[in-house]
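The block underneath contains the structure these notes are about, expressed in structure tokens.
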Amino acid sequence: MIKTPIQIFDTKLRSNQSICISNDKFLRVYGCGPTVYRDAHVGNMRTFLLADLIIRLSKYLGYQVKFIQNITDVGHMSEDFAEDKMLAQAKLEAKDPFEVAKAYEAKFHTDLARLNIKPADLYPKASESIDLMLQLISDLIENNHAYVGEDNCVYFAAQSFDTYGAISGNRLDSLKPGHRFEYTEDGAKHFHADWALWKAAAGRTQMIWPAPWGAGFPGWHIECSAMSLKFLDKYVDLHLGGIDLRFPHHENERAQSNSAIAGEAVALWVHGEHLLFEGRKMSKSTGNVVLVQDLIDKHLDPLALRVCFLENRYRSQMDLTWQSITTANQLLERWRSKVNGWKSTSTTDPQEIEGNLQAIVADFCNDLDTPRAMQKLRDIEKSNTISDATKYEIFSKADQLLGLDLLKAPAPKRAANAQQLELLDLRAKARGAGDYAESDRLRDLLKVEGIEVRDNSDGQSWSWLI
RNA sequence: GGUCGGAUGGCCGAGAGGCGAGGCUCGGGACUGCAAAUCCCGCUACACGGGUUCAAAUCCCGUUCCGACCUCCA
């Protein structure tokens, strides 16, 4: 057991815990991935960034990591059968459900790359892990944690698992149904809190598989148990996901996994808080869903999002706004421009570099206190005592953790069109001739075009307004 | 009803017993033909009521308000 210096808040124990490498070889990380029935929005990305930050930090400290993230392409059900998300979307797009899943999965990977989120070692798909799940379900029936209902569905017996509720704090007897949902007793479950491991096909014809209990498809929670136990060799050092998954998903997953191996299957449960957009929960019905592509469409660097996320602790709910994104974009541009300017000048101060990096790493190790690390970088940026070359070294090394491409040259400017160039030229001439009334008029016209003109000692320059 | 979190200046947000984080906005100044950018200066806050302490935004007790989850969700 290797105890790393990384401390992270464990939802189950409600306190910071050290991340440990239980097999002495590599950190075993499992993260709940997307259900690929729609585009992943920026809120999803925040959760995926959480895994990236921990993995970058671990690797920076010299540890090996094995990271598994599932792709849910089947079985993520609504209560209502007819509304399986995959199938509903497939119907909407008039495509084969697997085709739909494939398309959204590809987009998911694209968005991760845009945010410099490094890929997992493996992305197992639920649809390709049916055998694993069948085996696990059989094992659970075998050791009396699950039963086949009269409806040919297989249910997990919640009461067979002693510490059910340890993650969320819910107690089985308090989980009385009926507050938010009208609970209808379907008769097949022995207990209201039991959940389906295997759903009988009933009338369904797509995305179903044969099973000992009859054709059907897996429940949502079972895939994460099956995959994490299989691909991480029956023990997870760190399990990640969004806060909403704390209950019931992770509670159920824990019950399944622990029951299967007759022990604790996950050392630490870590949850990322949700994101609001302009003060409200991001949702289709509110109409405020923001995608990574939307940033690109607005000519913003997707990494500006990363800046926003880094400036807020992963464990606090944050409100994202276009204002905060554009501000972050400006910071990114400023840093890149400065970092490039700091390069290849003066001498470095190895002690200064080491001290600052250690302090930044210490912030990361302290439950990913990225806002504090960002602040340290702002201080270093402004310091009068640290040499430029030293600043360059600090920023370039810190970027291994931040993932902001700080060494990249500032974004090349989009070219203006012929008419805009003409206006710029006219303005330069008017100003050169001392015709300020005309040059100001042209500056206003250019502003309408989204161009901001600046006058410098050596003439005019311009940039796009965001 | 149960569970988990919150409440800090105009706004956003750190801090977790004693030194007013920082960012954004705004106001003043330098620079500028004017702007912009940049730099300098300014803006003294911790929901409420008790308590502990030499000292409380921070700890304790109580209250109010807000959000999330409760078998959809990152």
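Letters A, B, ... are given to chains in the order of the sequence lines, protein chains preceding strands, and every chain is numbered from 1. The structure presented is a predicted model; accordingly, all values stated were derived computationally and were not measured.
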At 4.0 Å (heavy atoms only), tell me whether [X] reaches a base, stays on the sugar-phosphate, or touches nothing.
| X | result |
| --- | --- |
| A:Arg313 | sugar-phosphate |
| A:Gln317 | sugar-phosphate |
| A:Arg431 | base |
| A:Gly241 | sugar-phosphate |
| A:His249 | nothing |
| A:Arg38 | sugar-phosphate |
| A:Thr11 | nothing |
| A:Glu452 | sugar-phosphate |
| A:Arg246 | sugar-phosphate |
| A:Arg441 | nothing |

Legend entry - Minimal non-hydrogen separation, A:Arg56 against A:Lys118, with atom names: NH2-CE, 3.8 Å
Inset, instruction - Using both distances under 3.5 Å as the test, list the Watson-Crick or G-U wobble partner of B:C39, or none. - result: B:G29
Looking at [N], does its base get a donor-acceptor pair with the side chain of [X] below 3.5 Å?
| X | N | answer |
| --- | --- | --- |
| A:Arg443 | B:C34 | yes |
| A:Asp455 | B:C34 | yes |
| A:Asp440 | B:G33 | yes |

To the nearest Å, how far apart are [X] [atom1] and [N] [atom2]?
| X | N | atom1 | atom2 | answer |
| --- | --- | --- | --- | --- |
| A:Met318 | B:A14 | CE | C1' | 14 Å |
| A:Met374 | B:G15 | CE | C1' | 18 Å |
| A:Asp367 | B:G5 | CG | P | 13 Å |
| A:Ile360 | B:A14 | CD1 | P | 18 Å |
| A:Asn312 | B:G23 | CG | C1' | 11 Å |
| A:Arg378 | B:G13 | CZ | P | 14 Å |

Legend entry - Among A:Leu305, A:Asn312, A:Val307, the one residue meeting side chain to side chain contact (heavy atoms under 4.5 Å, CB included) with A:Phe309: A:Leu305
Legend entry - Along RNA chain B (nearest heavy atom to each residue), the more 5'-positioned of A:Leu275 and A:Asp369: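 The answer here is A:Asp369.
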Legend entry - Of A:Gly272 and A:Val453, the one whose closest RNA chain B nucleotide lies more 5':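 Residue closer to the 5' terminus by nearest nucleotide: A:Val453.
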Inset, instruction - Return yes when atom NZ of A:Lys338 has more than 12 non-hydrogen atoms of other residues, nucleotides or ligands closer than 6.0 Å, and no otherwise. - result: yes
In whole Å, what separates the [atom1] atom of [N] from that of [M]?
| N | M | atom1 | result |
| --- | --- | --- | --- |
| B:U25 | B:A37 | P | 9 Å |
| B:A55 | B:C41 | C1' | 32 Å |
| B:A74 | B:G5 | P | 23 Å |

Inset, instruction - Output yes when a side-chain donor or acceptor of A:Ser324 lies under 3.5 Å from a complementary backbone atom of A:Leu320, and no otherwise. - result: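 No; zero donor-acceptor contacts below 3.5 Å.
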Legend entry - Donor-acceptor under 3.5 Å (A:Arg14 side chain, A:Thr11 main chain):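 Flag set: sc A:Arg14 to bb A:Thr11 pair under 3.5 Å.
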Inset, instruction - Determine: side-chain N/O of A:Ser316 to OP1/OP2 of B:A14, distance under 4.0 Å, yes or no. - result: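 Answer yes for this pair, as a side-chain N or O of A:Ser316 is under 4.0 Å from OP1 or OP2.
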Inset, instruction - Kindly indicate whether a cation-pi arrangement holds for A:Arg204 with A:Phe217, taking the cut-offs as under 6.0 Å to the six-membered ring centre and within 45° of the axis. - result: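 Positive - A:Arg204 is close enough to the ring of A:Phe217 and near enough to its axis.
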